[in-house]
Asks: 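Starting off with a structure, shown below.
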Amino acid sequence: MKLLITGVAGKIGRVLRQGLTGRYELMRLTDRMALAPAGPGEECVTADLGDMAALERLCAGIDCVVHLAGVSEEPMQNAWEQVLPANIVGVHNLFEAARRAGVRRVVFASSNHVVGFYERDRTVGVDVPLRPDGIYGLSKCFGEALGRLYADKHGMSVACLRIGSFREQPEDRRQFATWLSHRDAIQLVRRCIEAPKFDFLVVYGISNNAASFWSNEEVRWLGYEPQDSADDHRDRLEAGFPAEDPVSARFHGGSYCAMGLGKPQGGAR
């Protein structure tokens with residue numbers, strides 16, 4: 001197995017690099033930022049998602065791409081202008097470069113914010129209609145749809161990971177439902193890389209949290225069995241967290257739903 005991981009300088013990328021070291025014949029690591037020197041079985045390449053020729057070179061000889069690169073949260077200002085180059089143009093470039101190079105599988109880092117406007121009294125699975133809670137979530141909807149296209153039209157195996165709150169431990173009240181531990185993130189990505197042949201799948205990147213908003217029941221065949229739980233941290237942390245505002249507390253996406261929220265036009269929402 002020869003693996004390409006993009007966005008390795010980011011939080012998830014750094015953890016995956018360490019957690020997957022030595023597991024594959026080759027890990028080709030890339031980011032637009034400089035990376036720590038390559039270790040055994042690694043190649044480190046600086047590249048930008050806007051450079052199609054560079055992406056084609058990166059994908060050459062690769063079996064699976066784990067695509068983490070891009071804007072990773074809702075920008076506070078000029079959201080569309082910030083998201084467009086990496087999360088729209090860049091993700092298209094990555095899929096197309098992978099197709100041209102004959103890459104068989106792409107594991108795409110999507111986000112829970114593609115379903116952020118569901119209310120918290122409803123647990124949702126992997127097949128519900130998308131309800132993004134901002135421009136960032138919208139860009140991840142595009143990435144999932146693009147993955148579906150490349151699976152259907154070009155025969156690529158595509159896994160879309162709707163990543164929750166990737167932290168060492170929960171950092172606010174919402175994260176008792178959305179937390180994804182480092183250990184569980186490594187396992188989830190590994191399961192997607194090594195799974196038997198599939199066409200297209202969506203899976204929520206969450207640990208074993210009792211209060212979770214999301215269900216992976218329909219993709220249990222993947223074999224992902226989270227080992228950690230936000231509940232193990234609740235007694236120690238919850239009292240120190242402030243209450244959420246009413247809008248954030250209503251929806252899966254939390255504060256992303258409240259950001260830039262407008263008043264209804266032409267009657268009640």
Side-chain angles (χ1 to χ4, degrees), residues 1-72 82-111 139-140 142-151 153-161 163 166 185-186 188-195 197-198 200-201 205:
M1 172 72 73
K2 295 181 180 180
L3 189 67
L4 169 65
I5 306 178
T6 72
V8 177
K11 292 184 294 184
I12 299 177
R14 293 193 300 270
V15 169
L16 283 184
R17 179 181 183 179
Q18 181 177 8
L20 299 177
T21 293
R23 190 171 183 88
Y24 305 107
E25 178 183 353
L26 170 69
M27 289 206 309
R28 186 173 293 158
L29 310 171
T30 186
D31 201 288
R32 64 179 182 176
M33 310 293 290
L35 299 172
E42 294 183 342
E43 295 177 3
C44 293
V45 183
T46 302
D48 189 275
L49 293 174
D51 187 341
M52 177 65 84
L55 291 180
E56 289 187 39
R57 291 192 295 271
L58 284 169
C59 289
I62 292 297
D63 299 303
C64 177
V65 176
V66 179
H67 183 49
L68 306 174
V71 175
S72 60
Q82 293 189 54
V83 163
L84 177 62
N87 291 21
I88 303 295
V89 177
V91 75
H92 168 266
N93 289 349
L94 183 283
F95 271 98
E96 180 58 16
R99 181 194 70 81
R100 294 179 187 180
V103 173
R104 298 195 300 270
R105 180 166 297 182
V106 172
V107 180
F108 170 64
S110 185
S111 170
S139 75
K140 293 299 185 178
F142 173 80
E144 290 194 9
L146 194 67
R148 175 86 266 185
L149 174 66
Y150 274 72
K153 181 162 283 193
H154 303 300
M156 190 180 289
S157 291
V158 178
C160 297
L161 311 187
I163 296 169
F166 177 81
I186 293 167
L188 176 59
V189 172
R190 180 173 56 81
R191 294 286 185 184
C192 292
I193 294 169
E194 300 174 9
K197 179 73 169 72
F198 61 84
F200 178 85
L201 68 86

Asks: Who pairs with Glu144 by side chain to side chain contact (heavy atoms under 4.5 Å, CB included), at least two apart in sequence or on another chain?
Replies: Phe108, Ser110, Val114, Leu130, Cys160, Arg162, Val202
Asks: Sorted by first residue and then second, give each ring pair (Phe, Tyr, Trp, His ring centres under 6.0 Å) pair with at least one member in residues 86-107; sequence neighbours left out.
Replies: Phe95-Tyr150
Asks: Taking side chain as C-beta onward, heavy atoms only, is Val189 less than 4.5 Å from Leu161?
Replies: yes
Asks: Output all residues satisfying side chain to side chain contact (heavy atoms under 4.5 Å, CB included) with Ile186, sequence neighbours left out; order by chain, then residue number.
Replies: Val15, Leu16, Leu20
Asks: Under the 3.5 angstrom rule, does the side chain of Lys2 hit a backbone N or O of Ala60 as a donor-acceptor pair?
Replies: no
Asks: Sort and list the pairs that fulfil side chain to side chain donor-acceptor pair (under 3.5 Å) and have at least one residue in residues 29-41, not counting sequence neighbours.
Replies: none
Asks: Determine, stepwise, if the pair Leu146 / Val91 fulfils side-chain contact (heavy atoms from CB on, under 4.5 Å).
Replies: CA-CA 8 Å; Leu146 194 67; Val91 75; 4.1 Å; yes
Asks: Any side-chain heavy atom of His67 sitting closer than 4.5 Å to one from Val107?
Replies: no
Asks: Run the side chain to side chain donor-acceptor pair (under 3.5 Å) test against Asp63 and tell me which residues pass, sequence neighbours left out.
Replies: Arg104
Asks: For Arg28, check side chain to side chain donor-acceptor pair (under 3.5 Å) against everything at least two apart and list the hits.
Replies: Glu43
Asks: Rounded to the nearest 0.5 Å, what's the gap from CG on Asp51 to OG1 on Thr46? Could you check?
Replies: 12.0 Å
Asks: State, yes or no, whether a side-chain contact exists between Val71 and Asn87 at a heavy-atom distance under 4.5 Å.
Replies: yes
Asks: Using the side chain to side chain contact (heavy atoms under 4.5 Å, CB included) criterion, which residues pair with Ala97? Sequence neighbours excluded.
Replies: Met52, Leu55, Glu56, Cys59
Asks: Verify, without hydrogens or angle tests, whether Thr6 (side chain) and Leu68 (backbone) share a donor-acceptor contact under 3.5 angstrom.
Replies: yes
Asks: With sequence neighbours left out, what residues match Lys153 under side chain to side chain donor-acceptor pair (under 3.5 Å)?
Replies: none
Asks: With a 4.5 Å heavy-atom cut-off, do Ser139 and Val83 have their side chains touching?
Replies: yes
Asks: Taking the side chain as everything from C-beta on, heavy atoms only, tell me whether Met27 gets closer than 4.5 Å to Thr21.
Replies: yes
Asks: Once salt bridge (charged side-chain N to carboxylate O under 4.0 Å, His left out) is applied, what residue pairs with a partner in residues 11-23 remain, sequence neighbours excluded?
Replies: Arg17-Glu42, Arg23-Glu194
Asks: What's the spacing between Leu4 CG and Leu29 CG if we round to 0.5 Å?
Replies: 8.0 Å
Asks: For a side-chain contact (heavy atoms from CB on, under 4.5 Å) check, start with the C-alpha distance between Val103 and Cys64, then their side-chain angles and the critical distance, and finish with the verdict.
Replies: CA-CA 6 Å; Val103 173; Cys64 177; 5.5 Å; no
Asks: What pairs of residues pass the salt bridge (charged side-chain N to carboxylate O under 4.0 Å, His left out) test when at least one of them lies in residues 85-96, not counting sequence neighbours?
Replies: Glu96-Arg99, Glu96-Arg100
Asks: Once side chain to side chain donor-acceptor pair (under 3.5 Å) is applied, do any residues pair with Arg191, and if so which ones, sequence neighbours excluded?
Replies: Gln187
Asks: Residues in side chain to side chain contact (heavy atoms under 4.5 Å, CB included) with Ser157, at least two apart?
Replies: Arg105, Lys197, Phe198
Asks: Under the side-chain contact (heavy atoms from CB on, under 4.5 Å) criterion, do Leu49 and Val89 qualify, and how do the steps go?
Replies: CA-CA 8 Å; Leu49 293 174; Val89 177; over 6 Å; no
